[in-house]
2 protein chains.
Amino acid sequence: MKKKITLKQIARELDVSISTVSKALRNSIEISEDTRQKVQAFAKLYNYRPNNIALSLKNRKTKTIGIIIPEIVHHFFSKVISGIEAVANKRGYNVIVGLSNESFSKEVINMEMLANGSIDGFILSIAKETLQQQDYHHFTETINQGMPIVMFDRVVNEIKCDKVIVDDAEGAKKAVSKLIENGCKHIAIITTKDYVSVGKYRTQGYLEALENYKINPKASLILKVDDELLSEDHLDSLEKEIEILFQKNKKLDGIFAVNELYAITAMKVARKLGLNMPEDVQIIGFTDGVLSKHAVPTLTTVSQHGQKIGEKAAELLINNLEREDEEDTYETVVIETELIERASTK
Amino acid sequence: MKKKITLKQIARELDVSISTVSKALRNSIEISEDTRQKVQAFAKLYNYRPNNIALSLKNRKTKTIGIIIPEIVHHFFSKVISGIEAVANKRGYNVIVGLSNESFSKEVINMEMLANGSIDGFILSIAKETLQQQDYHHFTETINQGMPIVMFDRVVNEIKCDKVIVDDAEGAKKAVSKLIENGCKHIAIITTKDYVSVGKYRTQGYLEALENYKINPKASLILKVDDELLSEDHLDSLEKEIEILFQKNKKLDGIFAVNELYAITAMKVARKLGLNMPEDVQIIGFTDGVLSKHAVPTLTTVSQHGQKIGEKAAELLINNLEREDEEDTYETVVIETELIERASTK
DNA sequence: ATAAGTAGCGAAAACGTTTTCGTGTTGAAA
DNA sequence: TTTCAACACGAAAACGTTTTCGCTACTTAT
């Protein structure tokens, strides 16, 4: 087992100083052709690689990006990571991942762990619990310490930082408008409680679309699911709620769901009730994940382009990190949503 | 913007030495109660946290685990990461993720980037291209440099390291046996080319089950899909291949697919051909992902317990890292698979 | 022959810690 | 009064780099 070799060891072996070795390896003109050759040959032979940690300490930058997301077993978030990783790698950065599991304290702890020198900046999406408690001190503190943050998807306006979002309202509006144009008269929305910002905005888009077409919204058509239901155990009660939605609205002919799971579950209930899609009821979801693509019928959905979100977030962060001038000017990038039409709509 | 404070700054402010500050913060008895109080109060006020990079350099360990996986937008792999992260975090480790995208060179580059001091050890699953080329020098080299590796799922015997696998053959055997016991007489397998080890072992399990029940395997019932097809673009040709499989075997009444996507696609084709599940044909997949759970009919599948695999891998690695004695004794842990029965079988 | 310039190299500082080893001061014992 | 221990603290090394500065010896020009 030959341990990693250091400059010091090379220096000792070749009977030169550490500085000489360092310079020789970096092709400094200070060093004679002779010694340069000798050192480089030796280094190559022993497969020398500079120690990243030492470099990080010296340069006071780690070339590493910290990601904090609520969960990773989730198509959208893993797409985003994939996008971040792609551009990070291309620009010589590594990516270190922390999971908050939607918990405020885990989010705080994870950020503190990483903020102490391990990374140069954060890309994150806020945990639900944090959104609920509206306690954002950990974000402001890290920013105050000079560590940049880029937020994506779940963001809050209070915090001054770069953001990458989709226009949730616009995306929802597109979807609901599509349903209306397809002839739906009684369109329901299955959404989350309002403190989840994306749920709020998508609901807003739903209402805007209705208004555009002079349709009066009906309270009974708006189902705000307690988001605990997303944890798969509570799927049953979600189903029940949706079933009640159908029973209360016999003429229901269109559903807009703010996420894949709600949409898929709605399809399941509809099928159970003997309804055909898209003939009897048309359904559109949000987030183009693997479920939408393989559902029966395949699900029309609003794609958020998670990969692109990740790429953009990484670009913003790295640009910020590598910017010379220290002006604090923050940007909010909106990634266009796209309505992907499949078989669940006419 | 108040930058992170260092020992040196505290020392200067309080007019003591750096060593005194360090000792005071670590409650050394060398330091008088008085100074200790003073230092700790000051440190707390300025929210002092030791710099991780400096600690890493000093201790020559980073408390960080490197993960290299072929892709992250994949239910199984993200489950594994989630498991790794859980125990890593509990034991004070961070997790840094590299993606190989199934490419040999990206795998090598990523490992080299991380091996130079950034991490203490690797947890990885081998890229397909690497398996194909059978070039494992980067693994042996990192191990030789004293950096431990734990492989999971896609492993190779040549490399001496800890491994966490599922008994693919056994899992497949369970599934196929189930189909036989459920009355299937003509059972097909949809699998990958042999160089993907999991594909090979699952095929082997299929054959073993048949043999157990004295059923002769038929070549026409074994569909080895070129794994390029997994990249979602090639879904169409996958469908065609499966359709041909049905046409060539009119009495086909059971299908075992070595992954979710193959299973779902088989269901799609069956439905197109007017076959009912589970009445006309029963289907079992491998990997219990989100697709299986929400397919129609819901898909019976072999669960690999990705989370548990990740947890176990992390335990093995950290135990190895924190072991005092340097004995090189490696373990291969087999995580039991479980047949999750749903509606696609009788 | 002397001054000046240059080529080639090494010493040392710096990044932020922890830890070992001194060292000076105090108080008590001899 | 001398000696010794205990106490409280500081200096310095170490982790592995990069970089600035200084030094020596040689070459060239005057």
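Quick note on labels: first sequence line is chain A, next is B, and so on, each numbered from 1.
Between the P atom of D/dA13 and the CD1 atom of B/I18 lies a distance of 14 Å, rounded to the nearest Å. Straight-line distance from the CD1 atom of A/I31 to the P atom of C/dA7: 13 Å, rounded to whole Å. Atom NZ in B/K58 sits about 17 Å away from atom P in D/dA12, given to the nearest Å. Between the C1' atom of D/dG16 and the CG atom of B/N59 lies a distance of 14 Å, rounded to the nearest Å. For A/Y48 and D/dT17, the OH to C1' distance is 7 Å, given to the nearest whole Å. Residue B/L57 contributes atom CG, which lies 13 Å from atom P of D/dA14 at whole-angstrom precision. Between the CG atom of B/N27 and the C1' atom of C/dT18 there is a distance of 15 Å, given to the nearest Å. Distance, B/I53 CD1 to D/dT17 P: 14 Å, rounded to whole Å.
The backbone N or O of A/L99 sits less than 3.5 Å from a side-chain atom of B/E85, completing a donor-acceptor pair. Remark: the backbone N or O of B/H138 is paired with a side-chain donor or acceptor of B/T142 at under 3.5 angstrom.
In this model, a donor atom of one side chain and an acceptor atom of the other lie less than 3.5 Å apart for A/Q37 and A/E33. For B/R91 and B/N319, the side-chain atoms include at least one donor-acceptor pair closer than 3.5 Å.
A/R49 comes within 4.0 angstrom of sugar-phosphate atoms only, judged by non-hydrogen atoms across all strands, and of no base. Using a 4.0 Å heavy-atom cutoff across all strands shown, B/S56 reaches no nucleic acid atom at all. At a threshold of 4.0 angstrom between heavy atoms, the contacts of A/K8 are confined to the sugar-phosphate backbone, with no base atom among them.
Of the candidates D/dC15, D/dC9, C/dG16, the closest approach to any side-chain atom of B/T6 belongs to C/dG16. Relative to the side chain of B/R26, the nucleotides D/dT18, C/dG10, C/dT19 differ in distance, and C/dT19 lies closest. Checking D/dT17, C/dT19, C/dG16 against the side-chain heavy atoms of B/A54 singles out C/dG16 as nearest. For B/L7, taking side-chain heavy atoms from C-beta onward, the closest of the listed nucleotides D/dG16, C/dT18, D/dA11 is C/dT18. Comparing C/dG10, D/dA8, C/dT17 against the side chain of B/S32 picks out D/dA8 as the nearest.
Toward the 5' end of DNA chain C, the nearer of the two residues B/L55 and B/E30, judged by each one's closest nucleotide, is B/L55. Each of B/R60 and B/S17 has a nearest nucleotide on DNA chain D; the 5'-most of these lies closest to B/S17. Along DNA chain D, the nucleotide nearest to A/S19 and the one nearest to B/D15 differ in position, and the one closer to the 5' end is contacted by B/D15.
Salt-bridge formation is detected for the pair A/R154/A/E102: a Lys NZ or Arg NE/NH1/NH2 atom is positioned less than 4.0 Å from an Asp or Glu carboxylate oxygen.
In this model, the phosphate group of D/dT18 is approached by a side-chain N or O of A/S22 to a distance below 4.0 Å at OP1 or OP2. Put simply, B/T35 has a side-chain N or O that comes within less than 4.0 Å of OP1 or OP2 on D/dC9.
At a cut-off of 3.5 angstrom, the base of C/dG10 holds at least one donor-acceptor pair with the side chain of A/K23. Contact annotation: side chain of B/K4 to base of C/dG16, donor-acceptor pair absent below 3.5 Å.
For the side-chain contact (heavy atoms from CB on, under 4.5 Å) with A/V166, the lone residue among A/V334, A/I309, A/V333 that qualifies is A/I309.
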